[in-house]
Structures are given as structure tokens and as C-alpha cells.
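Quick notes on the structure that follows.
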Amino acid sequence: MPYGEPLSIVHHMENYRTPLDAAFHALSDPTRRAVISRLTKSPAPVKELAEPFDMGLPAFLKHLRVLEESGLITTEKTGRTRTCQVKIGRLAEAESWLSEQRALWQARTDRLADYVETQMSRDNENDG
């Protein structure tokens, strides 16, 4: 096997993301989460979105690109102004996945608690 082949496979895997993976990747950064939080109130121009952050516009635009590529926001240019808007559907998909995981783990912890209580009751009965 050529030396570069495994690396190219890994590189391909890194570039392949499901929509849910892309959404969670985008939400993993506090700047991008703050942008999403702001956009849930209303659409906003890039300049306004960038104001609260202590970074240059090129760095901020990279964050917006990640959000847009993940499908969490859309941008629209009117004249010289680019306005961003959150895509609630993609955000809802991430929330739905988290809710499923929460329910799964809640059921597991409930079963564990029942098991522990049953074992403790049996131990108390055997001690008495």
C-alpha cells in the first residue's frame, strides 16, 4: 500500500460530515453559539453581528462560513449589506437528537436507580 493512501482516506473522512455532525461542530465554538443566540431574536447584518466580538472581520467571517456551511444560518446580500438569518429547522434537528439522547440516558439511570433500590431492599431484608 502506498504511503500516502491511508492519509488520503483519513483526510476524506475528516471532510465528510453528516448535517448533524456539521451542526454540532459549528455549535462547539462559543463565538458561533453567541451568533446563533443573537440570530434567534431576528436576522442581522454581518457588521452588527461582529460588533460584540474582539476579532477582526476576516476571522469573524470564518465563523459565519462555518455556520453557513453547517446549514445553521443563511446569508443574503442586498446592495452592500449581507444579512444573516438562523435556519430553525437545522437547529431543531440538533435539539431533537439531544432530546433523544437525554431520554435514553434518563431511562437508563431510572433503571439503575430501580436496581439499586431493589438490591438495597433485599440486603435489608436479609440483614433483618
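Every value quoted in this text rests on a predicted model; they were computed, and no experiment measured them.
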Item to check | Nearest-0.5 Å distance, OG1 of residue T109 to CG of residue L104 | outcome: 9.5 Å
Item to check | Verdict with supporting geometry, H25 and D21, side-chain contact (heavy atoms from CB on, under 4.5 Å) | outcome: CA-CA 6 Å; H25 168 72; D21 293 339; over 6 Å; no
Item to check | Under the side-chain contact (heavy atoms from CB on, under 4.5 Å) test, residues paired with A26 that sit two or more places apart | outcome: R32, V66, L67, S70, L72
Item to check | Connected via hydrophobic side-chain network under 4.5 Å: W97 and L91 | outcome: no
Checklist entry - Between T118 (side chain) and D114 (backbone), is there a donor-acceptor pair under 3.5 Å? => result yes
Checklist entry - What distance separates T31 OG1 from D54 CG, expressed to the nearest 0.5 Å? => result 10.0 Å
Checklist outcome for this item: d(S37 OG, L27 CG) to nearest 0.5 Å is 11.0 Å
Item to check | Interatomic spacing from CG in L61 to CD in E68 - rounded to 0.5 Å | outcome: 10.5 Å
Checklist entry - Is a side-chain donor or acceptor of S121 paired with a backbone partner of E117 at a separation under 3.5 angstrom? => result yes
Next on the checklist: For a quick test of reading the model, state the closest non-hydrogen atom pair linking L57 to A50 and the distance between them.
Outcome noted: CD1-CB, 4.2 Å
Next on the checklist: Quick check: closest heavy atoms across V46 and F60, and the distance to 0.1 Å?
Outcome noted: O-CE2, 4.1 Å
Checklist entry - Which atom pair, heavy atoms only, marks the closest approach of L39 to A44? => result CD2-N, 3.7 Å
Item to check | Contacts of type salt bridge (Lys or Arg N to Asp or Glu O under 4.0 Å), residue E48, not counting sequence neighbours | outcome: R38
Item to check | Non-hydrogen atoms of I73 and L64 that approach each other most closely | outcome: CD1-O, 3.8 Å
Checklist entry - How about Q119: does its CD atom have over 12 heavy atoms from other parts shown lying under 6.0 Å from it? => result yes
Checklist entry - If you take all heavy atoms of F24 and A94, which pair is closest and at what distance? => result CZ-O, 3.8 Å
Item to check | Pairs satisfying side chain to side chain donor-acceptor pair (under 3.5 Å), at least one member in residues 85-95, at least two apart | outcome: R90-E93
